[in-house]
Asker: 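This structure is in structure tokens; I'll ask about it shortly.
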Amino acid sequence: MNITVCVKRVPDTATRIRIAPDGCDIERDGVKYVLSPYDEFAVEAALQLVEAAGQGEVTLLSYGPEATQESLRSGLALGAHKAVLLTGTPDMDGWATARVLASELADDDAGLVLFGVKAVDDDQQQVGPMVAELLDRPCATSVAAMDVAGDAVTCRRAVEGGQEVVEMDLPAVATITKGRYEPRYASLRGIMMAKRKPLVVKPAPEVAPGIAVESLAYPAERPEGRIVGEGTDAVPALVRLLREEAKVL
Amino acid sequence: MADVLAVAEVRDGVVQGVSREVVTVARGLADALGGRVDAAVAGGRGAGEAAAALAEQGADRVLAIDDAEQVDVRAVAVAEVVRGGDYGAVVFAATGPGRDLAPRVAARLGVALLTDVVAAEVDGGRVVVTRPVFAGKALARVRALGAPALLSIRPNVFPVSDAPRTAQVAHVAPSGDASAGGYRVVGFEESAGAALDVSEAAIIVSGGRGMKGPENWHLLADLRDALGETAALGASRAVVDAGWRPHAEQVGQTGKTVTPKLYFAVAISGAIQHLAGMRTSGVIVAVNRDAEAPIFGVADYGIVGDAFEIVPELAAAIRTLREQ
Ligand SMILES: Cc1cc2nc3c(=O)[nH]c(=O)nc-3n(C[C@H](O)[C@H](O)[C@H](O)COP(=O)(O)OP(=O)(O)OC[C@H]3O[C@@H](n4cnc5c(N)ncnc54)[C@H](O)[C@@H]3O)c2cc1C
Ligand SMILES: Nc1ncnc2c1ncn2[C@@H]1O[C@H](COP(=O)(O)O)[C@@H](O)[C@H]1O
């Protein structure tokens with residue numbers, strides 16, 4: 001079975017975010033980019049499933065700027081077989097992104113299409129289930145572990161209070177969260193081999209936007225806090241402040 | 001003029017508290033759009049009657065969608081309700097179940113979904129929202145271009161307000177068939193201890209690597225218990241990576257984003273990825289033995305000292321207070 005993993009290039013989680021002069025985007029210069037952390041779990045899940053089956057290929061699919069090629073090469077270095085980049089700017093528009101990705105996936109023969117549970121830049125948790133609807137395939141979200149048997153996949157979903165077990169007929173879609181899959185590191189050999197793996201770059205199809213970003217702003221600074229004191233002596237004062245000043249107890 | 005649909009959340013037949021926030025937001029939008037609020041309740045039988053109480057927050061009508069337990073069936077049913085009405089906006093809760101449901105409904109309707117909304121208004125007849133992006137390092141003001149506007153609201157952000165009506169309950173049967181979609185819920189395994197999800201708790205007691213090991217978590221659990229049943233345990237990633245606590249409790253950029261009214265960060269340094277998940281909490285209390293720890297930069301109140309001494313004292317003092 002072939003597996004396609006949709007991956008997004010996002011600012012590194014430690015990067016400082018500065019708003020661009022136009023007020024609608026962030027400064028892109030000087031930002032360090034990575035594959036979104038949950039997408040790394042999804043890539044790992046795909047590699048493990050294909051390895052366990054002893055056959056099949058893992059394809060990476062991304063919609064983003066030209067520079068995304070770098071992130072795709074890093075995914076190929078982990079063991080994915082090939083990659084496709086649809087060039088364009090996703091602009092925080094999950095519905096537009098879903099339609100772009102679905103257009104490419106419509107004739108894909110993958111038994112499973114995997115997503116991260118969320119991209120850590122716009123954090124929408126929506127692209128995976130939207131693509132599934134567009135492709136008319138079942139979709140399990142927030143999946144911590146998967147097992148394929150025959151024409152079905154059993155997913156363990158991380159939900160409130162425990163794990164829900166869901167069975168889906170293939171082909172199917174899943175969004176992956178932290179659980180069974182610990183992302184591997186690229187080996188030197190993997191990095192060398194990645195350079196020769198196929199990476200197709202083509203413009204993304206035009207889709208009408210679903211949203212318009214009007215402006216970006218910095219969140220209000222938290223008011224200056226205070227150290228109530230040191231050691232257990234400070235406990236009564238803290239409790240009094242929480243009750244009388246903050247009124248939360 | 002347009003109506004607003006509030007999609008209530010039901011679990012095990014119980015209408016969840018966050019539904020009142022959803023209806024409150026829907027009421028505000030409906031007043032601006034000059035329409036009615038319908039509360040859709042998709043769950044087991046009987047949930048519709050229980051949801052009649054949502055009239056308190058301004059629901060004019062309750063639409064009980066019976067026998068739509070599974071998310072794929074619920075999505076079909078909610079989309080049908082939306083198509084059958086004249087809705088300018090549909091409001092969901094950005095909880096686990098809400099995040100699972102809302103994008104499916106959006107795709108079925110062919111419109112965008114604005115998730116994790118922290119402010120919503122009507123401007124020029126259109127819904128415009130504010131939502132955090134880049135892990136809360138910026139806030140985006142976003143306009144929905146399609147109609148209706150679909151949004152999911154972050155729990156604990158919108159104060160519930162009362163706008164009482166008397167709501168009739170109408171029952172709707174979904175046309176979807178639970179077995180047709182190739183999706184089957186076949187089991188559930190409860191995990192120990194996680195009574196209340198960290199992303200929905202009003203109070204969170206989070207522990208970091210400075211707690212030294214899972215065997216010391218009873219100290220934090222005791223503080224949680226002292227704070228009452230709206231409190232839950234949280235953890236830093238260092239703790240989750242070490243296998244001391246489950247990932248479900250992780251707060252931060254690769255864990256849950258939380259907005260409780262009170263957040264205790266105990267023996268947590270305050271790395272940027274942790275702050276990303278909790279900096280919009282109402283009141284933040286930090287306990288750390290290092291006075292230079294970055295967590296004190298966002299804390300409203302801090303105590304410098306040893307968590308092993310301070311936490312039990314704190315639990316005792318809060319118990320005494322609550323018993324008064
Ligand atoms: C891609 C990425 C994603 C990440 N996502 C997350 C995330 O979602 N959530 C998250 O939390 N982190 C995340 N991190 C990790 C983050 O960078 C930090 O490593 C992590 O938050 C540190 O956890 P900690 O504060 O518990 O541990 P430490 O940084 O080790 O801090 C322990 C603290 O405990 C204090 N201490 C020690 N002993 C005591 C005592 N007896 N009493 C009181 N205080 C004591 C110390 O002074 C110190 O401040 C992420 C990192 C990356 C790279
Ligand atoms: N531009 C994109 N290109 C490829 N995959 C994407 C893109 N945006 C989102 N995704 C996928 O959808 C998941 C959820 O994204 P989001 O809905 O934005 O939180 C991500 O983890 C990716 O797997």
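Keep in mind it's a predicted model, so treat the numbers as computed, not measured. So you know, we letter chains A, B, ... as the sequences are listed, proteins then strands, and number each from 1.
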Asker: Of all the residues in residues 25-33 of chain A, which have a heavy atom that comes within less than 4.5 Å of a heavy atom in chain B?
Answerer: I26(A), R28(A)
Asker: Flag the pair R131(B) and D122(A) as a salt bridge only when some basic side-chain nitrogen lies within less than 4.0 angstrom of an acidic carboxylate oxygen.
Answerer: no
Asker: Would you mind checking which part of P219(A) comes under 4.5 Å of any heavy atom in chain B, side chain (CB onward), backbone (N, CA, C, O), both or neither?
Answerer: both
Asker: Please classify the contact of T175(A) with chain B as side chain, backbone, both or neither, using a heavy-atom distance under 4.5 Å.
Answerer: neither
Asker: Can you check whether L321(B) reaches L249(A) side chain to side chain, under 4.5 Å on heavy atoms?
Answerer: yes
Asker: Which heavy atom in M92(A) sits nearest to a heavy atom in F134(B), and how many Å separate them?
Answerer: CE-CE1, 3.9 Å
Asker: Taking C-beta and beyond as the side chain, do P103(B) and Q125(A) meet within less than 4.5 Å on heavy atoms?
Answerer: no
Asker: Please find the pair of heavy atoms, one from R279(B) and one from R222(A), that lie closest to each other, and give the distance.
Answerer: O-NH1, 2.5 Å
Asker: Output a table of donor-acceptor pairs, distance under 3.5 Å, between side-chain atoms of residues 206-217 of chain A and any protein atom two or more places apart or on a different chain; print 'none' if there are none.
Answerer:
{"residue": "E214(A)", "atom": "OE1", "partner": "R141(B)", "partner atom": "NE", "Å": "3.4"}
{"residue": "E214(A)", "atom": "OE2", "partner": "R143(B)", "partner atom": "NE", "Å": "2.4"}
{"residue": "E214(A)", "atom": "OE2", "partner": "R143(B)", "partner atom": "NH2", "Å": "3.0"}

Asker: Looking at side-chain heavy atoms only, is the closest gap between V133(B) and D123(A) below 4.5 Å?
Answerer: no
Asker: Is chain A contacted by the side chain of F296(B), its backbone, both, or neither, given a heavy-atom distance below 4.5 Å?
Answerer: side chain
Asker: So for R11(B), is it side chain, backbone, both, or neither that comes closer than 4.5 Å to the heavy atoms of chain A?
Answerer: side chain
Asker: Counting only non-hydrogen atoms closer than 4.5 Å, does A138(B) touch chain A with its backbone (N, CA, C, O), its side chain (CB onward), both, or neither?
Answerer: both
Asker: So which atom in L113(B) and which in Q126(A) form the shortest heavy-atom distance, rounded to 0.1 Å?
Answerer: O-NE2, 2.9 Å
Asker: Based on non-hydrogen pairs under 4.5 Å, which of A96(A), A152(A), C139(A), A14(A) is most in contact with chain B?
Answerer: C139(A)
Asker: Looking at I303(B) and E230(A), what are the two nearest heavy atoms and their distance?
Answerer: CG2-C, 4.4 Å
Asker: Looking only at side-chain N and O atoms, does E167(A) offer a donor or acceptor that is under 3.5 Å from a partner on Y183(B)?
Answerer: no
Asker: Counting heavy-atom pairs under 4.5 Å to chain A, which of I272(B), L227(B), L262(B), T280(B) comes out on top?
Answerer: L262(B)
Asker: I'd like to know if D300(B) and R226(A) make a salt bridge, using a cut-off of under 4.0 Å between side-chain N and carboxylate O.
Answerer: no
Asker: Does any heavy atom of chain A fall under 4.5 Å from the side chain of V311(B), the backbone, both, or neither of them?
Answerer: neither
Asker: Can you see whether E313(B) engages T232(A) through a side-chain donor-acceptor pair at a distance of less than 3.5 angstrom?
Answerer: no
Asker: Under 4.5 Å from any heavy atom of chain A, what part of V287(B) do you find: side chain, backbone, both or neither?
Answerer: neither
Asker: Using a strict cut-off of less than 4.0 Å between a Lys/Arg side-chain nitrogen and an Asp/Glu carboxylate oxygen, indicate whether K118(A) and D116(B) qualify as a salt bridge.
Answerer: no
